[in-house]
Visitor: 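Take a look at this one; I'll ask things after.
The sequence lines fix the lettering, A, B, ..., with proteins before strands; numbering per chain opens at 1.
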Amino acid sequence: MAEEQQRSRFKRQKMTGEMDDRKNPYLAHMYDAESSHDSGVSISDGSTSAYTNGRHSNGGGLSSLKRHSTTAKQAKLAEDGPLNPFTGGQLSDRYFSILKTRRDLPVHAQRQEFLDMYQKSQVLVFVGETGSGKTTQIPQFVLFDDLPQQRGKMIACTQPRRVAAMSVAQRVAQEADVQLGEEVGYSIRFEDKTGPKTILKYMTDGMLLREAMNDHDLLRYSTIILDEAHERTLATDILMGLLKEVVQRRPDLKLIIMSATLDAQKFQKYFLSAPLLAVPGRTHPVEIFYTPEPERDYVEAALRTVLQIDATEPEGDILLFLTGEEEIEDACRKISLEADEMVREADAGPIKVYPLYGTLPPAQQQRIFDPAPPPFKPGGRPGRKCIVSTNIAETSLTIDGIVYVVDPGFSKQKVYNPRIRVESLLVSPISKASAQQRAGRAGRTRPGKCFRLYTEGAFKKELIDQSYPEILRSNLASTVLELKKLGIDDLVHFDLMDPPAPETLMRALEELNYLACLDDEGELTALGKLASDFPLDPALAVMLISSPEFYCSNEILSLTALLSVPQVFVRPASARKRADEMKDMFAHQDGDHLTMLNVYHAFRGPSAQENPKQWCHDHFLSYRALQQADNVRMQLKRIMEREEVELVSTPFEDKKYYENIRRALVAGFFMQVAKKDSSGKQYITVKDNQSVLLHPSTVLGQDSEWVVYNEFVLTSKNYIRTVTAVKPEWLLDIAPGYYDVDSFGKGDIKTSLQRVRDKVNRRAAIAGGR
DNA sequence: GAGCACTGC
């Protein structure tokens with residue numbers, strides 16, 4: 001394929017607009033800072049005692065000092081050693097070599113500017129693009145000025161992802177020349193690597209939110225840094241709302257919002273004109289190409305583009321963004337096949353194609369870091385690798401060596417429809433910010449190219465600037481419960497950056513009221529308080545808390561854990577039949593929940609525990625998911641013990657063993673019930689009257705009139721997945737408030753429930769009359 | 001007779 005043809009398909013973008021943002025450093029500062037660092041309370045030369053941990057150092061002559069105003073110069077001096085300013089120990093050679101590279105980072109050039117701003121204002125917004133060093137350096141800059149050890153406090157820096165919190169903490173501990181978990185540590189679910197000496201703590205945003213629920217003013221911290229705020233995770237959004245109030249109650253608390261996009265003005269405005277400091281990133285230029293005409297089939301266009309790049313562009317790896325597992329596996333097969341043909345016909349270089357998505361086993365994910373294949377013969381055309389990935393490569397994983405990015409402009413995104421109370425995944429156009437982030441992936445090691453499979457006009461006019469924050473796309477039942485526990489009573493006036501639709505809030509309140517977590521006045525009930533102690537969706541928490549009443553809390557505990565982790569059943573395309581046969585071995589005729597419980601019990605059994613990994617592989621089960629379930633189970637069990645929720649079981653021989661579990665299911669999921677309709681082919685959901693089908697993966701036969709379901713899946717059809725048969729009289733008995741039959745709209749469900757009610761009443765009358 | 005982007009407590 002000629003270079004000429006390649007060019008004709010893509011209009012070369014003039015280097016304006018977006019690319020200018022990339023090339024020109026951002027406005028260095030929009031805040032006119034006066035130097036305020038000359039304030040007398042500085043660290044005496046040569047002394048390091050202001051930095052050593054007050055609770056442990058023995059020469060704490062300066063430990064009574066108030067908040068310091070350190071200058072960049074002073075901090076540098078302290079950093080230069082020879083002793084570690086925080087531990088008093090000898091600094092290692094590695095420390096000094098890392099220190100040199102740290103001082104080359106773009107943020108370092110603006111250290112004084114940062115300190116001036118930090119000292120002057122309680123809240124500040126910091127913008128730093130990829131490669132600026134903000135995540136590792138800013139918290140350390142703060143450390144040298146804040147000196148939290150002198151007041152027995154800590155600096156917190158939040159991350160949206162656990163791996164990031166872990167790896168950044170590891171890196172910063174190295175930079176500070178301390179043991180991870182001592183002065184520098186991290187805290188994520190299931191793992192707290194901090195200790196009494198910890199003064200800088202990286203943590204997930206969810207973790208800090210959990211802490212806030214028991215300590216509304218976050219008194220353990222002197223400075224809180226919310227990193228990657230532009231990602232707008234649910235936890236970050238709530239933390240921002242919360243901290244906006246906390247900084248007013250606590251004048252001694254400092255807050256830094258760190259973001260990677262220029263949208264930072266929005267953060268600035270939200271925090272009442274907080275000053276903003278922007279530092280340029282360090283990336284290579286990326287040339288952007290657009291298609292002149294819209295593409296009808298983006299997958300087909302993507303394949304064509306990848307092959308064209310392979311045939312015509314110089315050495316360099318390719319990253320293609322697609323939306324899901326199946327699409328990706330399919331594309332990988334096709335690219336490999338076509339590329340092989342090109343090798344035969346046109347003497348092309350070798351190409352290796354790797355899929356990348358979240359549910360891929362870690363070992364296979366690691367393969368994307370393998371080097372590109374060598375030429376077929378010495379001096380021949382160089383090989384390249386092509387990675388076909390979901391959005392995971394946009395934020396969570398960075399791959400060096402990518403020179404070409406192919407961006408069809410779509411991703412799967414969660415959407416929530418409050419009218420039918422359904423969360424689902426939908427293939428949707430990405431935002432401008434996402435497109436920019438994707439393009440940037442081509443310029444990490446050297447100048448690159450990004451091929452957008454949409455027109456420049458579409459980019460400008462059709463793509464929204466930023467993706468909608470998660471808070472606008474989610475069911476907020478657990479969020480509302482959390483807010484109540486956080487002491488936010490007036491939800492409507494709680495100042496969120498993007499307030500959710502009133503209907504979404506109403507739905508959440510209604511759901512929590514039916515679950516008896518909120519009373520009719522919207523106040524947190526005892527059950528609601530208890531439920532908020534569990535890191536679970538409210539329905540799951542209520543099911544777990546109610547389970548002792550059904551003599552099966554041990555079993556419901558296992559089931560709750562299983563329902564909070566990814567799917568345990570594995571069904572590879574190459575072995576569907578065998579996988580299904582294996583699943584049948586665990587099947588329980590009354591439904592998928594009980595089947596999952598059978599799996600878990602087998603997994604915990606002696607024969608599986610001999611070699612659990614092998615056993616899972618042999619039985620087409622996900623070892624990772626089951627292990628995770630074990631972990632979650634332990635965590636939940638500890639909370640149950642602490643909160644004195646009894647752990648009991650019905651003897652397995654008892655004929656009520658399974659029935660009790662099914663009844664307990666109803667206690668949490670009575671709002672997720674469907675009844676078979678008159679045709680007998682499909683089901684109708686209770687109250688919402690949605691037509692749904694049993695998901696084909698279910699073990700349940702077609703003869704169950706009433707079922708509870710765990711989730712609603714909206715794909716080619718409306719499916720309910722993970723379903724178990726229940727009896728209608730249990731619904732009336734266990735959730736009488738929700739099953740107030742007279743309040744139901746006319747229809748089959750109402751008639752059936754009336755009939756059941758009458759039958760129950762008649763039986764009661766007879767029993768009473770005897 | 002199907003398909004789950006991603007993250008988190």
Visitor: Output yes when A/R333 and A/E329 qualify as a salt bridge under the 4.0 Å nitrogen-oxygen rule, no when they do not.
Guide: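 No, A/R333 and A/E329 are not salt-bridged.
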Visitor: Do any side-chain nitrogens or oxygens of A/R571 fall under 4.0 Å of OP1 or OP2 in B/dC4?
Guide: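 For A/R571, the contact criterion (side-chain N or O under 4.0 Å from OP1 or OP2 of B/dC4) is not met.
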Visitor: In terms of side-chain geometry, is the basic nitrogen of A/K675 or A/E705 positioned less than 4.0 Å from the acidic oxygen of its partner?
Guide: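 The answer is yes: the pair qualifies as a salt bridge.
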Visitor: Taking atom P of B/dC9 as reference, at what distance in whole Å does atom NZ of A/K485 sit?
Guide: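 The answer, rounded to whole Å, is 17 Å.
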Visitor: Given B/dC9, B/dG1, B/dC4, identify the nucleotide with an atom nearest to the side chain of A/R210.
Guide: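 Nucleotide nearest to A/R210's side chain: B/dC9.
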Visitor: Within the structure shown, what part of the strands sits under 4.0 Å from A/I188 by heavy-atom distance: base, sugar-phosphate, or nothing?
Guide: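 Touches sugar-phosphate only.
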Visitor: Parallel, tilted or perpendicular: which fits the ring planes of A/F712 and A/Y709, with parallel below 30° and perpendicular above 60°?
Guide: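 Aromatic pair A/F712/A/Y709 classed perpendicular.
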Visitor: Can you identify which nucleotide, out of B/dC9, B/dG1, B/dA5, has its nearest atom closest to the A/L425 side chain?
Guide: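 So the side chain of A/L425 is nearest to B/dA5.
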Visitor: Run the numbers on A/E231 and A/R161 for salt bridge (charged side-chain N to carboxylate O under 4.0 Å, His left out), then give the verdict.
Guide: CA-CA 11 Å; A/E231 289 194 28; A/R161 282 168 289 280; 2.7 Å; yes
Visitor: Flag the pair A/R507 and A/E511 as a salt bridge only when some basic side-chain nitrogen lies within less than 4.0 angstrom of an acidic carboxylate oxygen.
Guide: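 A salt bridge is absent here (no side-chain N lies under 4.0 Å from a carboxylate O).
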Visitor: Contact class for A/R232 (heavy atom, under 4.0 Å): base, sugar-phosphate, or nothing?
Guide: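 No contact at all - A/R232 keeps every heavy atom at 4.0 Å or more from the nucleic acid.
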Visitor: Between A/E482 and A/Q567, just flag the one whose closest nucleotide in DNA chain B comes earlier from the 5' side.
Guide: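 It is A/Q567, whose closest nucleotide lies nearer the 5' terminus.
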Visitor: Starting the side chain at C-beta, find the nucleotide from B/dA5, B/dC9, B/dA2 nearest to A/K412.
Guide: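 Selected nucleotide: B/dA5.
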Visitor: Contact class for A/Y719 (heavy atom, under 4.0 Å): base, sugar-phosphate, or nothing?
Guide: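 It contacts sugar-phosphate atoms only.
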Visitor: Below the 4.0 Å mark, does B/dT7 have OP1 or OP2 next to a side-chain nitrogen or oxygen of A/T204?
Guide: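 A/T204 to B/dT7 OP1/OP2: no side-chain N or O under 4.0 Å.
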Visitor: From B/dG8, B/dC4, B/dT7, pick the nucleotide closest to the side chain of A/R162?
Guide: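 Within the option list, the nearest is B/dG8.
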Visitor: Base, sugar-phosphate, or nothing for A/K414, non-hydrogen atoms under 4.0 angstrom?
Guide: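 Base, at least one base heavy atom under 4.0 Å.
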Visitor: On the side chain of A/R721, is there an atom forming a donor-acceptor pair with the base of B/dA2 - under 3.5 Å, no angle test?
Guide: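 No pair found.
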Visitor: Looking at B/dA5, B/dC9, B/dT7, which one has an atom nearest to any side-chain atom of A/M207?
Guide: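 It is B/dC9.
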Visitor: Mapping A/K717 and A/Y357 onto DNA chain B by nearest heavy atom, which one lands closer to the 5' end?
Guide: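 Between the two, 5'-proximity favours A/K717.
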Visitor: Starting from C1' on B/dG3, measure out to CG on A/L322 and report it in whole angstrom.
Guide: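 Between C1' of B/dG3 and CG of A/L322: 15 Å.
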